[in-house]
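Please read all numbers here as calculations on a predicted model, not as lab measurements.
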Amino acid sequence: MTTFDHDPVMVAEITALFKDVPAGTIVDATLGGGGHSAAILASRPDLDVLGIDQDADAIAAARERLAEFADRVRTSHRRFDQFDEALADHGVTEISGALFDLGVSSPQLDRSERGFSYRNEGPVDMRMDPTQTWSADDVVNGYEAAELVRVIRQHGDERFAKRIAAAIVAARPIESTTHLAEVVTSAIPAAARRTGGHPAKRTFQAIRIEVNGELDVLPDAIDQAVRATAVGGRVAVLSYHSGEDRIVKQRFAHAAGVCDCPHDLPCVCDAIQTVRLVRGIPKRPSRVEQEANRRATSALLRVVEAIDAVRKRDGRLIRDEEADV
């Protein structure tokens, strides 16, 4: 079995966030190797964990790592936008919190046969769930140049997207990750290659996100988690690039009752606030952690806490039970 020796990002900060939530179930929506779950379970005996992951290898490794907490751990082999279904599978109707760590785990990146690595030779794959048929090969060797530009620019924040897309199309067929990395690197001006880590990093990230539909499913997954969280419970998300963080910020703002009405007019949208934004917490890993774990450098943490629902009307907040609904 694959081992998932993975350092969970901001594990102390995450554990502290759930210190005062109600007793009950924490959903680790990106279970991975189970590092965050192990810390949460060790911190409070009145919490249990439901771990969701679309990677069967990750679930198997996490169950082994969490064996000492066996009676407090349940797992679901699903994608995290099937959040409600995972709860229903285990008869859970309300949760004490949820965690989404949107980064790819180290073992997934380091196993060359999974096709995520730009450093080690492997197939052009990048599927989180190896049972799905769509893979990076379909993107790299099948997309038109314009579609590749969209993917690389939108999901990778890559300023040389046009040059990279053109180089990929010209080099087809591309049959290994190392070949893909060479093509991408050669398309980037030499001066730009000297800073910012490996030149192919952003493009590989973009293709991985496209293959797995990560940004497409994230908004609904966050909404499902918020709806399921009991008052006083918390939802925490660790994102790693601007596209992810933009979605997290938008969905949390929506749940916090932020409306789109003009600022100089009364609110008429009847926005409902079900969470409050948790302030005063570290948003980024400490410098020490960033130096020790290079994959933590881009992490950004956002957290909300569930509250009794209140509804905006005519520019003021009223309790949901007072509204004419």
Smallest separation among heavy atoms of [X] and [Y], with atom names:
X    : Y    : answer
A165 : V149 : CB-CG2, 3.5 Å
R65  : A38  : NE-CB, 4.5 Å
L102 : V237 : CD1-CG1, 3.9 Å
E158 : F160 : OE2-N, 3.0 Å
S242 : D157 : OG-OD2, 2.6 Å
A23  : S96  : O-OG, 3.1 Å

Hey, quick one: are [X] and [Y] part of the same hydrophobic cluster, counting side-chain heavy atoms closer than 4.5 Å, chains of contacts allowed?
X    : Y    : answer
L215 : I222 : yes
I14  : V278 : yes
L300 : L277 : no
V184 : V169 : yes
V231 : V303 : no

Open item on the list: Checking side-chain polar atoms at under 3.5 Å, does Y143 have a donor or acceptor matched by the opposite partner on E210?
Closed with: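 Side-chain D/A pair, Y143 to E210: present.
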
Open item on the list: Counting only heavy atoms from other residues, nucleotides and ligands, does the tally under 6.0 Å from CZ of R172 exceed 12?
Closed with: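 Atom CZ in R172 is crowded, with more than 12 foreign heavy atoms closer than 6.0 Å.
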
Task: Neighbour count above 12 (heavy atom, 6.0 Å) for H254 NE2 - done: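 Counting neighbours around NE2 of H254, 12 or fewer heavy atoms of other residues, nucleotides or ligands fall under 6.0 Å, so no.
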
Enter the distance from [X]:[atom1] to [Y]:[atom2] here, rounded to the nearest 0.5 Å.
X    : Y    : atom1 : atom2 : value
N212 : I207 : CG    : CD1   : 12.0 Å
D137 : S176 : CG    : OG    : 11.5 Å
D125 : Q132 : CG    : CD    : 8.5 Å
Q290 : M10  : CD    : CE    : 9.0 Å
D89  : R78  : CG    : CZ    : 4.5 Å
L47  : R72  : CG    : CZ    : 7.0 Å

Counting only N and O atoms by type, is there a donor-acceptor contact under 3.5 Å from the side chain of [X] to the main-chain atoms of [Y]?
X    : Y    : value
H155 : R150 : no
D138 : S135 : yes
E113 : G122 : no
T203 : G156 : no
E121 : S112 : no
H241 : G243 : yes

Mind checking whether [X] and [Y] have side chains closer than 4.5 Å, heavy atoms only?
X    : Y    : result
T229 : R234 : no
D53  : H77  : no
D20  : E305 : no
M126 : F204 : yes
R79  : M128 : no
V211 : R127 : yes
R163 : I188 : no
W134 : V139 : yes

Charged N to carboxylate O below 4.0 Å: is that the case for [X] and [Y]?
X    : Y    : answer
E244 : R302 : no
R227 : D84  : yes
D48  : R74  : yes

Open item on the list: Is the ring pair F83/F100 parallel, tilted or perpendicular, if the boundaries are 30 and 60 degrees?
Closed with: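 F83 vs F100 ring planes: parallel.
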
Open item on the list: As a quick check of understanding, evaluate salt bridge (charged side-chain N to carboxylate O under 4.0 Å, His left out) for D55 and R114, giving each step before the final call.
Closed with: CA-CA 11 Å; D55 187 336; R114 296 295 296 271; 2.9 Å; yes

- [ ] For the pair I174 and N141, evaluate side-chain contact (heavy atoms from CB on, under 4.5 Å) and give the outcome as yes or no after the intermediate values.
- [x] CA-CA 7 Å; I174 296 174; N141 291 307; 3.9 Å; yes

- [ ] Start with the C-alpha gap between I307 and Q273, add the side-chain angles, then the distance that decides, and say whether side-chain contact (heavy atoms from CB on, under 4.5 Å) holds.
- [x] CA-CA 8 Å; I307 62 171; Q273 180 179 3; 3.8 Å; yes

TODO: Check the pair V27, F80 against side-chain contact (heavy atoms from CB on, under 4.5 Å), reporting the backbone distance first and the verdict last.
DONE: CA-CA 10 Å; V27 176; F80 58 46; over 6 Å; no

- [ ] Decide side-chain contact (heavy atoms from CB on, under 4.5 Å) for R153 and K162; before the verdict, give the C-alpha distance in whole Å, the side-chain angles of both, and the deciding distance to 0.1 Å.
- [x] CA-CA 8 Å; R153 181 176 289 154; K162 277 190 176 182; 3.9 Å; yes

Open item on the list: Could you work out, with ring pair (Phe, Tyr, Trp, His ring centres under 6.0 Å) as the rule, every residue matching H198, not counting sequence neighbours?
Closed with: Y118

